[in-house]
Amino acid sequence: MTANLRGVPAPATSSTALLTDMYELTMLQAALHGGVAERASVFELFGRNLPASRRFGVVAGVGRLLDAIERFTFTDAQIDYLHSAGIVDDDTLDYLRSYRFSGTIRGYAEGECYFSGSPLLTVESSFAEACILETLALSIYNYDCAVAAAASRMTIAAHGRPCVEFGARRAHERAAVSAARAAIVGGFVGTSDLEAGMRYGIPTVGTSAHSFTLLHDTEEDAFASQVASLGPGTTILVDTYDIERGVARAVAAARAVGGELGAVRLDSGDLVAEAFKVRAQLDALGATTTKITVTSDLDEYAIAALGAAPVNSYGVGTKLVTGSGRPTAALVYKLVERAGADGQMQEVAKFSTGGKSTVGGRKWAGRVLDAAGSATEELVVSARSEAAGLAALEAAGARPLQVDLVRDGVIMEEHRGPDALAAAAERHQVSRAELPYQGWRLSEGDPAIPTRHVDIDNRQVLHG
């Protein structure tokens, strides 16, 4: 495959304010009328449980959310729409005209692993400001975390062989860009999607499809044309007709211009068997440096099955951009603390059957490691203050997991942009390496580590 490494980020400029469920604005209207919209509030974004077959989650979407919050302002056209559609009243529209998030957001750094109950985001502001970010935050995190978790499982299965994201044609055109970014967090090394390459500085990869071979009168003509244009180091798709003849012709095309072929791509058939046959053929031809890359609807299990085959890299599409069977991370966004009529902060929680209850109070999270540096538990502490929460984590020997993402309305720039994405990918490798061996298994089972919740203040939780 031919890689283009010249990524230049291109920030989007359109408003994100209507990427919002209607009930967030109607709640805002009712809260404004009731005089409680400005009450100090704390919302948390978390997952009650990991999706089935996921032994850990992967935090992804942090940089995208920060970009989206920056653009969460209501345009005149959007205000006109809300007015003409009768969504909310004039007082609420007046509030929205000047909306800017001015609160503080803390969260897990992008690339960290997470578990049941992990407070991935803590949003502190007025109820009005925080409430209407719910859908935006959940839509970004639920998708990006799902794709990043799938990518991480695939890179585990690949055992160090590079994986490239090829899913643009299998997803919504905008989701494909987001998937490419999330895949990098999970350990992929490139994408075929040029918009993702430009926007996020991701290396882009691509050569040709079967249609290019079919366009030419002969396979030899197609391969000669590709090599003449892209050089002998290109990757040639060899299974349009007969694989054995295709390999021989691809090698000959590269040697005709004085070089050795970079790689062949296999996209059909029994990939394990074909990889062994192609490697033997390449070696017999003396093309020992020519690599083999495989595609064809791969997932983590197919990649694992290819572990013993002489494959050098993988191109993954459909299963990656759909979360490999888990298209959402099943995260929720809940109010856990708010000011009462007296101005004092009070824990609040949802009490219900069916596993939908929540744990009240602002939380501080850390990962407890043993003497060998292996994670043993996720410790989540409910505490009245940051100092108390961090002290409890320190006493337990836990590595704090939350960082400032937005401080008093100011975005912390180190968490977005191409450098932040590269740092997130590195962070994930370190975070994943902390997990015990069983946490890397692809089979269904318990989370890699348990989550323990401690309420050090023992405050009363308000509920109806």
Side-chain angles (χ1 to χ4, degrees), residues 9-45 61-107 120-144 172-175 177-178 181 195 199-200 331-336 338-339 404-413 415-417:
T13 57
S14 59
S15 168
T16 58
L18 291 190
L19 300 177
T20 305
D21 285 315
M22 177 177 168
Y23 85 148
E24 291 166 20
L25 300 191
T26 55
M27 281 193 293
L28 170 63
Q29 175 178 305
L32 288 169
H33 285 201
V36 293
E38 293 303 320
R39 282 191 175 186
S41 298
V42 180
F43 282 80
E44 286 179 349
L45 185 149
V62 176
R64 287 215 306 125
L65 178 63
L66 296 179
D67 288 342
I69 288 174
E70 182 177 59
R71 295 183 283 119
F72 198 94
T73 59
F74 289 81
T75 66
D76 290 342
Q78 290 170 332
I79 295 293
D80 289 345
Y81 161 72
L82 295 173
H83 174 74
S84 63
I87 304 297
V88 290
D89 62 16
D90 288 345
D91 290 340
T92 307
L93 292 177
D94 287 341
Y95 176 88
L96 295 177
R97 281 190 180 92
S98 59
Y99 178 90
R100 297 290 189 281
F101 182 76
S102 63
T104 293
I105 301 177
R106 296 181 176 90
L120 305 189
L121 284 178
T122 303
V123 182
E124 305 172 47
S125 66
S126 68
F127 177 85
E129 287 193 17
C131 168
I132 61 177
L133 294 180
E134 176 183 359
T135 300
L136 184 70
L138 286 175
S139 63
I140 291 173
Y141 269 53
N142 268 317
Y143 183 67
D144 288 32
H172 183 279
E173 64 271 17
R174 292 298 169 186
V177 179
S178 304
R181 184 187 183 282
E195 177 71 17
R199 185 176 299 183
Y200 299 119
L331 304 172
V332 296
Y333 184 88
K334 300 297 182 183
L335 182 68
V336 297
R338 53 83 170 162
D404 284 356
L405 302 175
V406 180
R407 190 181 302 135
D408 297 326
V410 178
I411 293 172
M412 302 294 100
E413 293 296 336
H415 298 296
R416 60 177 179 169

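Sequential numbering from 1 along the given sequence is applied to the chain's residues.
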Could you tell me whether a side-chain N or O of Glu24 sits under 3.5 Å from a main-chain N or O of Thr135, the two making a donor and an acceptor?
-> yes
Worked check of side chain to side chain contact (heavy atoms under 4.5 Å, CB included) between Asp89 and Leu93 | CA-CA 6 Å; Asp89 62 16; Leu93 292 177; over 6 Å; no
Residue pairs involving residues 80-103 (criterion ring-ring contact (aromatic ring centres under 6.0 Å, His included); sequence neighbours excluded) = Phe72-Tyr99
Out of Leu335, Ile105, Thr104, Leu405, which residue meets the side-chain contact (heavy atoms from CB on, under 4.5 Å) rule with Val123?
-> Ile105
Heavy-atom check, side chain of Leu25 versus side chain of Leu82, under 4.5 Å = yes
Audit row: Leu65, Ile69, side chain to side chain contact (heavy atoms under 4.5 Å, CB included) steps and yes/no = CA-CA 6 Å; Leu65 178 63; Ile69 288 174; 3.9 Å; yes
Report yes or no: does Glu70 contribute a side-chain atom to a donor-acceptor pair with the main-chain N or O of Asp67 at less than 3.5 Å?
-> no
Main-chain N/O of Val88 paired to Thr92 side chain as donor or acceptor, under 3.5 Å = no
Enter the distance from Ile79:CD1 to Ile87:CD1 here, rounded to the nearest 0.5 Å.
-> 12.0 Å
Does the ring of Phe127 carry Arg39 above it, NZ/CZ under 6.0 angstrom from centre and within 45° of its axis?
-> no
Exactly one candidate in Thr16, Thr20, Leu18 meets side-chain contact (heavy atoms from CB on, under 4.5 Å) with Leu136; the answer is Thr16
What pairs with Val42 under side-chain contact (heavy atoms from CB on, under 4.5 Å), at least two apart in sequence or on another chain?
-> Thr122, Glu124, Val336, Glu337, Met345, Arg362
Taking only residues at least two apart or on different chains, which pairs with a member in residues 94-104 satisfy salt bridge (Lys or Arg N to Asp or Glu O under 4.0 Å)?
-> Asp94-Arg97
Worked verdict on Tyr200 versus Glu195 for side chain to side chain donor-acceptor pair (under 3.5 Å) = CA-CA 8 Å; Tyr200 299 119; Glu195 177 71 17; over 6 Å; no
Flag the pair Arg407 and Asp404 as a salt bridge only when some basic side-chain nitrogen lies within less than 4.0 angstrom of an acidic carboxylate oxygen.
-> yes
Only one of Leu121, Asp21, Leu331 passes side-chain contact (heavy atoms from CB on, under 4.5 Å) with Leu138; say which it is.
-> Leu331
